[in-house]
Structures are given as structure tokens and as C-alpha cells.
Amino acid sequence: MAVCIAVLTKDNCPLYIACDPNEDSLKLHFLVHTSIDVIEEKLNSATAANDPRDLYLGQLYPNEDYRIYGYVTNTKIKIVVIESISNPLKDGDARQLFSKVHGAYIKLVCNPFYSPGSPVTSQPFLSSVASLMRAKTIA
Amino acid sequence: MSRSRSAVDPKRVSSELFSLTYGCMVAQLLKDFENPEEVNKQLDTMGYNIGVRLIDDFLAHTPSVTRCTTLEEVAEILCKQGFKMFLGIVPEVRNWSASKDKFSLVISENPLAEYVELPPHCQDTLWYSNIICGVIRGALEMVQMDVKCTFVGDTLRGNDSTEIEIKFVKILEDSLPAGED
């Protein structure tokens with residue numbers, strides 16, 4: 001199940017981080033922070049690689065308790081999903097989850113009163129990310 | 001945009017551009033004037049200027065439209081042809097007053113307000129789509145009809161529906177043989 005979904009800007013500032021309340025949020029924040037390095041490394045090395053339109057980076061690095069997946073959009077917005085090792089996400093599911101989070105982000109950005117880069121307070125975005133996190137617990 | 005990927009319909013793509021443009025304009029107006037009431041007035045004035053020009057375009061493209069003799073006819077043409085032509089929606093006409101001089105237009109899906117969420121400080125005062133009121137007022141004034149057009153509800157504000165109230169005031173210049181019923 002997804003225990004954390006994080007959205008980061010191109011300067012690696014956190015736009016929005018949602019953690020499962022049962023987990024230690026500090027540890028999850030730390031994991032998100034460390035995954036930034038891995039994402040940057042992948043981005044710098046994958047220049048001539050098979051870049052599909054949206055860079056789904058797959059599993060970033062192994063950890064004893066969690067699996068960490070990354071995704072980067074063309075505008076360098078990074079989405080990181082951490083999920084616990086007990087219920088691993090299949091590749092197709094992970095891609096779908098990322099594209100749904102990306103879709104929610106697009107709707108957020110289309111709001112003329114939201115300035116990109118500022119902290120997210122939009123209710124529709126918060127509730128759709130929350131439901132995506134919950135949905136994976138049922139799947 | 002996620003939607004334009006699936007259906008490359010030119011009309012659909014330009015409607016998103018239109019919504020974004022209008023949204024940026026309202027956001028800029030809010031930044032410039034800071035007072036939502038003032039922004040409402042500005043939107044109404046802008047709409048009025050659009051309406052006085054739009055009516056000629058509308059009448060040129062719909063030769064089947066003849067002079068209206070009743071307010072009901074005006075409402076029908078406004079919704080079924082006017083709104084359909086420019087915004088692609090057909091609002092519902094409701095709440096006729098007893099003296100038949102006032103009615104409401106209920107818009108189910110407002111293309112201007114896609115993806116919009118009002119900031120908390122103008123949640124209760126800003127009428128986001130107030131430009132529509134101005135357009136209706138301006139257009140009808142050019143056909144010698146003086147109306148008062150105001151918003152009474154907006155889904156962006158948390159009301160049940162987006163509703164515009166149109167109240168007939170008078171015929172201008174007495175040039176119609178019969179005004180309203």
C-alpha cells in the first residue's frame with residue numbers, strides 16, 4: 001500500500017507530501033529527500049535513453065521496509081511514491097497511479113488562482129491524492 | 001492537457017485555452033484592484049463592451065432570428081442560440097416571475113470556470129463569471145431592451161447552481177410595436 005505520495009518542484013522544493021498517518025512521517029520525509037539524489041542521477045544519465053513522453057523512473061532504490069518509485073514530468077515536477085514491502089505494486093499499477101497523480105496536479109495548476117510553486121491548499125487535489133493513497137490499500 | 005490527448009478536437013482545445021485566458025484575466029484583475037466588488041464591476045463593464053459588439057455578429061450568423069415580441073422569446077433565443085453559439089452550452093430558463101418580467105438562467109456546466117477554485121478571501125464576494133452578465137446586458141441594449149442582469153448563485157461559491165437573474169426594465173426608444181407581453 002502506498003504510504004507516501006510526494007510532489008516536488010523542479011528546484012526540489014516539496015509542493016505536497018502526504019503520508020499515511022500510521023507511519024513515521026519523519027522517516028518517510030527523509031526517504032523522499034534521499035530519493036531526490038537518485039532521481040537527479042537518473043535524469044542526468046538517461047539523456048539519450050528511450051525517453052518516453054513522461055519519464056516513469058521505476059523503482060529508485062531498495063530499502064528493507066519500503067519500495068520507492070519515481071516519476072518526472074516534462075516540466076521537471078517530480079512525483080515520488082513510497083509503498084510498503086508487504087504489498088508491492090505491479091509496474092502497470094504504479095504507472096497508473098503516477099498518471100493519476102499527474103492528472104490531479106494538472107487540474108491544480110489550471111486553477112488561475114494557484115501560483116505554481118506555492119504550497120498546495122486546494123481541496124480537490126488533497127482529496128484526490130488521499131483517495132489514491134487509500135485505493136492502493138484495497139487493491 | 002490530459003483531455004486533449006485522447007480527442008484531438010480543435011474546438012475542445014481552444015475552449016481550454018479560453019478558460020485559462022479568462023482565469024488569468026480574473027486573477028490579474030484581482031491583483032490589480034484587490035477588492036472583489038470592484039472586480040465584479042470591471043468584469044461587468046468588460047462584458048458590456050463585448051456584448052454591444054457581439055450582438056451584430058450573432059444576428060449576422062443567425063438570419064432566422066426575427067424581432068422578438070415577448071420576453072419569453074428573448075429568453076429562448078438567448079439560451080438556445082446565443083449561448084450555444086458562443087459558449088457551446090444551453091442554459092435552462094427557470095423561475096419566471098408572476099408578471100413575466102423576470103427570469104433565471106441556470107447554467108449546468110460553465111466553461112469559464114473549469115478547474116477554478118476561488119481563493120478564500122473572495123469566496124463570498126466575487127462573481128467569477130460576471131462577464132456573462134455584462135455581455136447579456138450589452139447585447140440586449142443594442143436591440144433596444146434595457147435589462148438588469150445579476151448573478152444569484154455560483155457553484156464556485158458553494159451554491160447549488162450557477163444562476164443568473166435577468167430582469168426586464170424597459171424598452172429603449174420606443175421603436176418596437178409591441179414590447180413585452
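Fair warning: this is a prediction, and the values are worked out from it, not measured in the lab. Note on naming: letters A, B, ... go to the chains in the order of the sequence lines (proteins, then strands), and numbering restarts at 1 for each one.
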Using a cut-off of 6.0 Å, state whether more than 12 heavy atoms not belonging to His121(B) lie near its atom NE2. yes
So which of Ser122(A), Pro112(A), Ser99(A) has the largest heavy-atom pair count under 4.5 angstrom toward chain B? Pro112(A)
Derivation and outcome, side-chain contact (heavy atoms from CB on, under 4.5 Å), residues Val109(A) and Tyr115(B): CA-CA 9 Å; Val109(A) 156; Tyr115(B) 311 122; over 6 Å; no
Phe103(B) reachable from Val169(B) in the ILVMFWY side-chain graph, under 4.5 Å edges: no
Measure the CZ-CG distance between Phe113(A) and Leu156(B) for me, rounded to the nearest 0.5 Å. 8.5 Å
Which atoms of Leu118(B) are under 4.5 Å from chain A, going by heavy atoms: the side chain, the backbone, both sets, or neither? both
I'd like to know if the side chain of Asn111(A) and the backbone of Glu117(B) have a donor-acceptor N/O pair within less than 3.5 Å. yes
Using a 6.0 Å cut-off, check whether atom CG of Asp160(B) has over 12 heavy atoms from anything other than its own residue. no
Shared hydrophobic cluster for Leu78(B) and Val106(B) (ILVMFWY, side-chain gaps under 4.5 Å): no
How far apart are the closest heavy atoms of Cys110(A) and Leu20(B), and which atoms are they? O-CD2, 3.7 Å
Give the cluster check for Ile17(A) versus Phe30(A): same hydrophobic cluster or not, with ILVMFWY residues linked at side-chain heavy-atom distances below 4.5 Å. no
